[in-house]
There are 2 protein chains.
Amino acid sequence: MARQQSIPRWQVANVEDRFIAAWGQMGAAWGVSRTMAEVFALLYITARPMNTDDVMDRLRISRGNASMSLRALAEWGLVSRAHKRGDRKEYFIAEQDVWALSRKVMRERLRREVLPLLTTLHELRDVTERRAEQPPGTPLRLASDDEPAPADAHRPVNPAEVRQLNDRIDALLELVQTIDRLGERFVGSDGKGLRLAANVLSRIV
Amino acid sequence: MARQQSIPRWQVANVEDRFIAAWGQMGAAWGVSRTMAEVFALLYITARPMNTDDVMDRLRISRGNASMSLRALAEWGLVSRAHKRGDRKEYFIAEQDVWALSRKVMRERLRREVLPLLTTLHELRDVTERRAEQPPGTPLRLASDDEPAPADAHRPVNPAEVRQLNDRIDALLELVQTIDRLGERFVGSDGKGLRLAANVLSRIV
DNA sequence: CTGGATTTTCAATAATCTCTGAAAGATCGT
DNA sequence: ACGATCTTTCAGAGATTATTGAAAATCCAG
C-alpha cells in the first residue's frame with residue numbers, strides 16, 4: 001500500500017468546516033438547534049478537548065451561546081467534561097463511539113418528544129374508550145363547563161363514530177408505542193443495538 | 001359486553017383539539033412546521049374529507065396557510081385529493097393506515113435530510129481518503145485559492161492525524177448509511193415493515 | 001369566450017426562535 | 001477573605017420562520 005500523503009493544514013480546516021456545516025444543517029432539519037449541532041460536530045471531528053473560548057473562536061459565536069450549547073450537549077450525554085492540570089478552564093470532549101451516540105440521542109428524544117405524546121394519547125383514549133364496566137349513571141360532562149355552548153354541541157354523537165374515533169387513536173397509540181419500544185430496545189441493549197438491528201433486518205426482509 | 005355509551009359532540013371536539021395540539025407539538029419538535037402537523041392531525045382524527053375552508057375554519061388559519069399546508073401534505077403523500085359531485089372544491093383525505101404513514105414519512109425524510117448529509121460525507125472522505133493509487137505528483141492544493149493565507153495554514157498535517165480524521169468521518173458514514181439502509185428496508189418492503197421489525201427485534205435482543 | 005368559483009402565490013407582517021454581551025455567580029489559589 | 005479567573009444567566013437585539021390577505025392565476029360550466 002502506498003504511503004499516506006500529507007495535507008496542508010488549511011485543507012483539513014476546510015474539511016472540518018464543511019463537516020460542521022453539513023451536520024448543523026441536518027440537526028436543524030431534525031429539530032435540534034443548528035449551533036448546538038455545530039458545536040458537537042466541531043468537537044467530534046477534531047476529537048480534541050476544547051474549552052469555551054476555543055469553541056467561541058472557531059465557530060465565531062458568543063460566550064453565552066457556546067456555554068449554553070456545551071451544557072446542553074453535556075446534558076444529552078454527547079460530550080463529557082474534562083480538566084487539564086494547571087488550567088482552570090473546563091474542557092469538553094465529544095463521545096467518539098457513533099453507536100453510543102445514536103443510543104444517547106435516541107434515549108433523549110424518546111424521553112422528551114415521544115413520551116409526552118404517548119401520555120396524551122393515553123389520556124384521550126380514556127375518554128373515547130368503551131366504558132364497558134363503568135356504572136351506567138356516570139355523568140358524561142365534566143363539572144366545569146360554564147361556557148354557553150350552542151345546543152348543537154350537546155347533541156350526542158353516534159356511538160359507532162365514537163368507536164371509530166377510538167380506533168384511530170388506538171392505531172396511532174400502537175404505532176407510537178412500537179417506535180418507543182423499538183427505541184428502548186436499542187437503548188437497553190449494549191452499545192451495538194443499532195448495528196445488530198441492521199444486520200438482523202437485512203437478513204430477514 | 002356492555003353497550004357503547006354516547007358522548008356529546010363538544011366532548012368529541014375537545015378530544016380532537018387535544019389530539020391536534022399534541023400532534024402539532026410533536027411535529028414541531030421533529031422539525032415539521034406545527035401547522036402542517038396540525039392540519040394532518042385534523043384530517044386524520046376526523047377521518048373526513050375536508051376542503052380548504054373546512055380546515056381554515058376549524059384551525060383558525062388563513063386561506064394561504066391552509067392551501068400551502070395541504071399541498072405539502074399531498075406532496076409528502078400523507079393526504080390524497082378527492083372531489084365531490086356538484087362541488088368544485090377540492091377535498092383532502094388523510095391516509096389512515098399508520099404503517100403506510102410511517103413509511104411515507106420515513107422515505108421523504110431520508111430523501112430530504114439524510115441523503116444530502118450522506119453525499120457531503122462522501123465528498124469529505126474523498127479528500128481525507130488514503131490516496132494509495134493516486135499518482136505521486138498530483139498537486140494537493142486546489143487551483144482557486146488566491147487568498148493570502150498565513151504561512152501556518154500551509155504547514156503539512158501529520159499523516160497519522162489525517163488518517164484518524166478520515167476514520168472519524170468513516171465511522172459516521174457507516175452509521176448514517178446503516179440508518180439509511182434500515183430506513184430503505186421499511187420503505188421497500190410491504191406496509192408492515194416497521195411492525196415486522198419490531199417483532200423480530202423483540203425476539204432477538 | 002365569459003363570469004364566477006376556487007386555488008395559488010408572495011410581499012408584508014407577525015410570531016418565534018436564536019444569539020449576544022455584560023453583569024452576576026462560582027470557584028480556586030494564596 | 002480577597003482577587004483573579006472562569007462560568008452561567010438572561011433581557012434585549014437580531015435572525016429566521018411562519019402567517020396573513022389580497023391579487024393573480026387557474027379552472028370550469030354554460
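Each chain gets a letter, A, B and so on, in the order its sequence line appears, and its residues count up from 1.
- For the segment residues 76-91 of chain B, the set of residues with a heavy atom within less than 4.0 Å of an atom of DNA chain C comprises B:Arg88, B:Lys89, B:Glu90, in numerical order.
- The bend of the helix from C:dC1-D:dG30 to C:dT30-D:dA1, defined by the angle between the axes of its first five and last five pairs, stands at 30° to the nearest 10°.
- Under the rule for a salt bridge (charged side-chain N to carboxylate O under 4.0 Å, His left out), the partners of A:Glu113 that lie at least two apart in sequence or sit in another chain are A:Arg109.
- Shown are A:Lys89, A:Arg63, A:Arg58; of these, the side-chain hydrogen bond (donor to acceptor under 3.5 Å, both in side chains) with A:Asp53 is made only by A:Arg63.
- Between A:Ala66 and A:Thr52, the closest heavy-atom pair is CB-CG2, 3.8 Å.
- For the pair A:Asn51 CG and D:dT5 P, the interatomic distance rounds to 15 Å; values are reported in whole Å.
- Of the inter-residue distances, the one linking B:Leu173 atom CG with B:Asp180 atom CG reads 10.5 Å to the nearest 0.5 angstrom.
- Separating the CD atom of B:Glu38 from the P atom of C:dA15 is a distance of 16 Å, rounded to the nearest angstrom.
- Evaluation of the side-chain contact (heavy atoms from CB on, under 4.5 Å) rule for A:Thr120 yields A:Leu124, B:Ala22 as partners, not counting sequence neighbours.
- Aromatic ring orientation, B:Trp30 versus A:Trp30: perpendicular (interplanar angle above 60°, classes split at 30° and 60°).
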For nucleotides 10-25 of chain D, read 5' to 3', which letter fits each nucleotide if B means a protein heavy atom sits under 4.0 Å from the base, S means only the sugar-phosphate is that close, and - means neither? B-------SSBB----
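- Taking B:Asp170 as the reference, B:Arg125 meet the side chain to side chain donor-acceptor pair (under 3.5 Å) condition, with sequence neighbours excluded.
- Among all heavy-atom pairs drawn from B:Ile93 and B:Ala82, the shortest one is CD1-CB, 3.7 Å.
- Electrostatic pairing of B:Arg103 and B:Glu108 does not count as a salt bridge here, judged by no charged N lying under 4.0 Å from a carboxylate O.
- Regarding contacts with the backbone of D:dT8, a side-chain N or O of A:Ser67 is found under 4.0 angstrom from either OP1 or OP2.
- Relative orientation of the A:His154 and B:Trp10 rings is perpendicular, given thresholds of 30° and 60° on the angle between their planes.
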